[in-house]
Amino acid sequence: MTDEELSRALEAVLLVAVEPVPPGLLAELLEEPAERVDAACQRLAEGYLAAGRGFVLAKVAGGYRFQTHPDLAPYVERFANRDVSHRLSTAALETLAIVAYRQPVSRAQISNLRGVNVDGVVRLLEQRGYIEAVGRAEGPGQPVLYGTTDLFLERLGLDRIDQLPPVEDFLPGAEVAAELEEGLRPTAGGVGDAG
Amino acid sequence: MTDEELSRALEAVLLVAVEPVPPGLLAELLEEPAERVDAACQRLAEGYLAAGRGFVLAKVAGGYRFQTHPDLAPYVERFANRDVSHRLSTAALETLAIVAYRQPVSRAQISNLRGVNVDGVVRLLEQRGYIEAVGRAEGPGQPVLYGTTDLFLERLGLDRIDQLPPVEDFLPGAEVAAELEEGLRPTAGGVGDAG
Amino acid sequence: MVGGAARIPRRCPGVRHHRGRVRYGRAVGYVVATPVFEGPVDLLLHLVTSHEVDVLDVPLAPVVDAFLAELAGHRDEMALDTLSEFLLVAAILLELKSQRLLPGPDQVDDEEELVGWEERDLLLGRLLECRAYAGAADAFVVLSERAARSVPREVGLDDGFVVHAPDLLAGVGPEVLAQAYLRASAERPEPQVDLAHVTVDTVTVSETLVELVERLPRWGRASFRDLTAHLATRMEVIVHFLALLELCKLGKVVLGQGETFGDLRIEWVEEERLLAAVGAGGLVSEYDG
């Protein structure tokens with residue numbers, strides 16, 4: 001298959017796909033090495049960008065898909081009348097963050113960390129398809145462990161979970177930690193070198 | 001709007017359109033004269049053909065839509081039929097069940113019940129001939145209502161839809177529910193922390 | 001801004017108020033007059049970091065009053081979550097106050113002191129971790145809003161393609177379908193999970209401290225990210241951070257941070273060099289005083 005044939009076939013297949021198509025599946029379908037297919041997809045994506053197309057070929061959740069260029073969101077929204085009101089509450093988002101960074105994680109572990117019962121929030125996130133049961137912990141009760149889904153990656157526009165910004169980036173700075181530490185000191189006296 | 005902006009906006013809108021979009025609607029959306037929009041669509045279509053893209057912009061039923069180039073039908077069919085050996089996914093089966101029991105039912109109603117977007121699944125079920133549009137709801141937007149098909153009845157070995165078993169038959173009895181609940185209750189006595 | 005103190009001071013009166021955003025009583029349905037907060041963790045953070053208010057000076061009575069007033073107004077729809085959040089807030093406040101009220105040992109050596117801190121370290125670790133996740137949640141919003149600007153094509157096949165209608169319903173009988181409908185439409189029973197089953201991360205600060213004292217002299221200088229790159233869990237990272245703070249207080253390391261949220265730079269110092277470093281104004285901590 002020439003490069004041009006490969007590109008055309010990819011364009012056709014990706015046009016009818018309803019979810020991101022992994023390069024492996026494309027390779028199987030077109031009987032070409034996955035690396036070659038991947039490279040061809042990247043070339044296509046770059047080509048669309050360079051030509052200033054209204055669509056892009058994005059890699060999300062491990063696969064390629066056509067989507068509209070972000071610039072054109074106003075037109076697309078007006079046309080598709082998309083309901084973007086499904087915003088998650090702060091509590092749900094923070095729980096989602098815990099699942100994303102600590103997966104696999106049990107409800108009880110999340111609950112322990114957040115200091116509140118999280119059953120309702122976890123169920124909501126599961127119903128929305130952002131998290132799913134990925135296994136069970138060992139030990140008594142064998143609680144269900146949760147992880148994030150491909151839909152979560154899609155919604156965040158990520159290809160892989162390790163593209164999330166490192167959680168360390170969100171740790172408060174040293175001065176905040178020191179303050180917290182001070183506030184929590186068990187003894188009132190304070191030993192030594194208070195600044 | 002420059003010609004380039006117009007082309008980009010058209011590409012974006014047409015990419016996400018499920019049905020062919022009439023130039024009049026595009027013109028209204030982009031606030032441009034219909035003639036100009038029509039001309040721009042034709043230019044786009046010619047451009048794709050000339051560049052040997054894997055997709056074309058076709059004028060069908062009075063509207064424009066992206067579709068695959070006829071040359072590439074073998075790949076597209078192979079892709080569409082890749083899951084010949086597969087069964088319906090749980091999501092698809094549950095959606096089909098909702099249509100079967102609640103027909104006529106709109107996509108939004110199914111979506112509400114399942115808590116996720118079901119457009120792709122509904123389309124799949126429709127393509128496979130298990131469900132079909134049976135009418136339109138009254139009220140704003142007049143959404144399409146879906147029902148099951150004769151093929152569906154045939155596959156399930158039913159003569160008429162009212163031969164589906166009443167779901168009440170499958171609800172667990174009160175004593176079973178109580179037993180279940182008992183089994184889920186945390187065991188008394190210190191379990192301690194599982195290491 | 002770049003101060004001259006050698007260590008992260010235990011009390012730093014000049015530090016600017018750091019709470020980036022104050023949210024007004026969203027999760028918890030009631031609002032306490034002075035410290036406005038969201039959820040127990042934020043309240044706790046606010047209380048222990050606010051320099052105007054010592055934990056000892058926060059009276060519990062107004063908190064309880066405000067809550068009871070709210071409860072009276074919404075007796076019917078007060079969520080269990082709200083009640084439990086309140087209990088947690090009250091319990092944490094009580095714990096803090098009692099810790100402050102109880103006299104501590106006059107003079108303890110570092111080791112004993114560290115052991116006594118373990119419980120507090122866990123709480124502190126949890127607070128820091130929650131803070132980090134709250135930050136991550138904000139980042140999720142930004143990411144998803146950006147992603148939402150691109151709409152995927154989910155149109156599927158054009159008409160006219162022959163899909164060799166595989167019988168996707170093979171093996172699916174009416175009963176299976178009925179079960180699927182039940183699954184799809186029924187409110188799923190939510191199993192109650194006993195909190196005693198929780199597996200707790202069990203890295204302690206003192207263990208980490210010992211490990212760092214072995215590792216750091218070999219590294220000399222290190223960045224926090226490099227130092228913690230091998231760690232598997234967030235809790236371990238946080239515990240490392242706490243251990244570093246302890247080492248800093250013990251004068252074993254100098255910590256520096258070029259900018260807020262910048263990577264933490266760590267330098268192991270021998271006693272003599274520490275003095276020299278201080279003398280040379282080589283400290284980079286963002287503190288006044």
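Chain identifiers are assigned alphabetically (A, B, ...) following the order of the sequence lines, protein sequences preceding nucleic acid strands; residue numbering begins at 1 within each chain.
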Shortest non-hydrogen contact from [X] to [Y]?
{"X": "A:A97", "Y": "C:A136", "answer": "CB-CB, 4.0 Å"}
{"X": "A:A73", "Y": "C:R149", "answer": "CB-O, 3.6 Å"}
{"X": "A:Q67", "Y": "C:S150", "answer": "NE2-CB, 3.2 Å"}
{"X": "A:E94", "Y": "C:A134", "answer": "OE2-CB, 3.5 Å"}

**Prompt:** Which is it for A:R102 and C:E129 under the salt bridge (charged side-chain N to carboxylate O under 4.0 Å, His left out) test, yes or no, and what are the steps along the way?
**Reply:** CA-CA 11 Å; A:R102 291 189 62 155; C:E129 199 174 355; 2.8 Å; yes
**Rounded distance (nearest 0.5 Å) linking atom CG of C:L143 with atom CG of A:L153** = 11.0 Å
Counting only non-hydrogen atoms closer than 4.5 Å, does [X] touch chain C with its backbone (N, CA, C, O), its side chain (CB onward), both, or neither?
{"X": "A:L164", "answer": "side chain"}
{"X": "A:F55", "answer": "neither"}
{"X": "A:A100", "answer": "side chain"}

**Asked** More than 12 heavy atoms of other residues, nucleotides or ligands under 6.0 Å from CD of A:Q103: is that the case?
**Response** yes
**Asked** C:S144 and side-chain contact (heavy atoms from CB on, under 4.5 Å): which partner among A:L156, A:L93, A:L158?
**Response** A:L156
**Message:** As an exercise: rank A:L96, A:D71, A:V18, A:T95 by heavy-atom pairs under 4.5 Å with chain C and give me the winner.
**Reply:** A:V18
**Asked** Should the pair A:E19-C:R153 be classified as a salt bridge under the 4.0 Å nitrogen-to-oxygen rule?
**Response** no
**Request:** Check whether any side-chain heavy atom of C:F140 lies under 4.5 Å from a side-chain heavy atom of A:Y130, and answer yes or no.
**Result:** no
**Asked** Are side-chain heavy atoms of C:Y133 and A:Y101 found at a separation under 4.5 Å?
**Response** yes
